[in-house]
Amino acid sequence: MFVTFDHYAWPFLNPISEAGERTWKCADIQFFDLWFLLSFYQTQDHRGKSLEIVRTMFVSDWRDVLPMLQQSGSSVFRFKCVQIVTPSKMNSSGDWEMEPISKVWSGREPTEKVGDISIFETRSGKKYASNPGNTPVDRLVIQSLAFDLLPGGE
């Protein structure tokens, strides 16, 4: 979750933004857990011509990223990269870190039948999990590959 303040509203773009849109110079992060940075190509019609732009979104819940990934490859939307952003309590670095995700696994707790847990594997091989039970990721049971995010499934 982000908290925004009126005094951080971007003065130049807000007057010309579309209805329902606001632009900000700053947002305060209130949720010190996994975040996802999703970069994608979006095709838009601009003055009768098809224009492809790169968009980037910061998303706090993996369940909100899923529908976007499932739409990927359509004529309007295709994903470029999904990165996981981890706070220091999860990555032991002392600060936030961001890495591209290569695979997303479906897993579960070893002793409990708690709903599916997503396990995120980065290109460097690190694994992080969205498990409310806080079981260390190396003790979770991996059940199946949910998404292969490497180009060409490499």
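All heavy atoms count here, side chains included; hydrogens, waters and symmetry mates do not.
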Handout entry: Atom NZ of Lys80: over 12 foreign heavy atoms under 6.0 Å
Key = no
Handout entry: Residue pair Arg108 / Asp116, side-chain heavy-atom distance below 4.5 Å
Key = no
Practice task
Evaluate the side-chain contact (heavy atoms from CB on, under 4.5 Å) criterion for residues Gln83 and Thr122: first the C-alpha distance (whole Å), next the side-chain angles of each, then the deciding distance (0.1 Å), finally the verdict.
Solution key: CA-CA 8 Å; Gln83 297 192 64; Thr122 66; over 6 Å; no
Practice task
Please tell me if the side chains of Pro100 and Val82 come closer than 4.5 Å, counting only heavy atoms from C-beta onward.
Solution key: no
Practice task
Taking atom OH of Tyr8 as the centre, report whether more than 12 heavy atoms of other residues, nucleotides or ligands fall under 6.0 Å from it.
Solution key: no
Practice task
Measure from the ring center of Trp62 to the ring center of Phe120 and say whether it is less than 6.0 Å.
Solution key: yes
Problem - Pairwise side-chain contact, Asp61 with Phe36, heavy-atom cut-off 4.5 Å (strictly under) - result: no
Practice task
For side-chain contact (heavy atoms from CB on, under 4.5 Å), just list the numbers for Trp35 and Thr86, CA-CA rounded to whole Å, side-chain angles, deciding distance to a tenth of an Å, and then say yes or no.
Solution key: CA-CA 7 Å; Trp35 286 84; Thr86 56; over 6 Å; no
Which pairs would a plain distance check flag for residues 49-59, meaning a side-chain donor or acceptor within less than 3.5 Å of a matching protein atom at least two apart in sequence or in another chain?
{"unit_1": "Glu52", "atom_1": "OE1", "unit_2": "Arg78", "atom_2": "NH2", "d": "3.1"}
{"unit_1": "Glu52", "atom_1": "OE2", "unit_2": "Arg78", "atom_2": "NH2", "d": "2.8"}
{"unit_1": "Arg55", "atom_1": "NH1", "unit_2": "Gln42", "atom_2": "OE1", "d": "2.8"}

Handout entry: Side-chain touch Lys126/Glu97, heavy atoms, less than 4.5 angstrom
Key = yes
Problem - side-chain contact (heavy atoms from CB on, under 4.5 Å) evaluation trace for Met98 with Ile84 - result: CA-CA 6 Å; Met98 181 167 60; Ile84 190 166; over 6 Å; no
Fill in the blank from the handout: Between the CG atom in Leu34 and the OG atom in Ser60, the distance rounded to the nearest 0.5 Å is 10.5 Å
Handout entry: Stepwise side-chain contact (heavy atoms from CB on, under 4.5 Å) test for Leu140 and Trp105
Key = CA-CA 11 Å; Leu140 295 171; Trp105 304 90; over 6 Å; no
Problem - Connected via hydrophobic side-chain network under 4.5 Å: Leu66 and Val104 - result: yes
Completion exercise
For Lys103 and Ile101, the nearest pair of non-hydrogen atoms, with its separation, is O-CG2, 3.5 Å
Practice task
Applying side chain to side chain contact (heavy atoms under 4.5 Å, CB included), name anything that partners Ser102, two or more places apart in sequence or on another chain.
Solution key: Glu121, Arg123, Leu150
Practice task
Treating Ile, Leu, Val, Met, Phe, Trp and Tyr as nodes and any side-chain heavy-atom pair under 4.5 angstrom as an edge, say whether Ile117 and Val141 lie in one connected cluster.
Solution key: no
Practice task
Could you tell me whether the side chain of Glu99 reaches within less than 4.5 Å of the side chain of Tyr128, counting heavy atoms only?
Solution key: yes
Completion exercise
Separation between CZ (Arg63) and OG (Ser118), nearest 0.5 Å, reads 9.0 Å
Practice task
Quick one: closest heavy-atom pair of Lys127 and Val137, and the distance?
Solution key: O-CG1, 3.5 Å
Handout entry: Any side-chain heavy-atom pair of Phe79 and Phe147 under 4.5 Å
Key = no
Handout entry: Ser88: side chain to side chain contact (heavy atoms under 4.5 Å, CB included) partners, not counting sequence neighbours
Key = Asn91
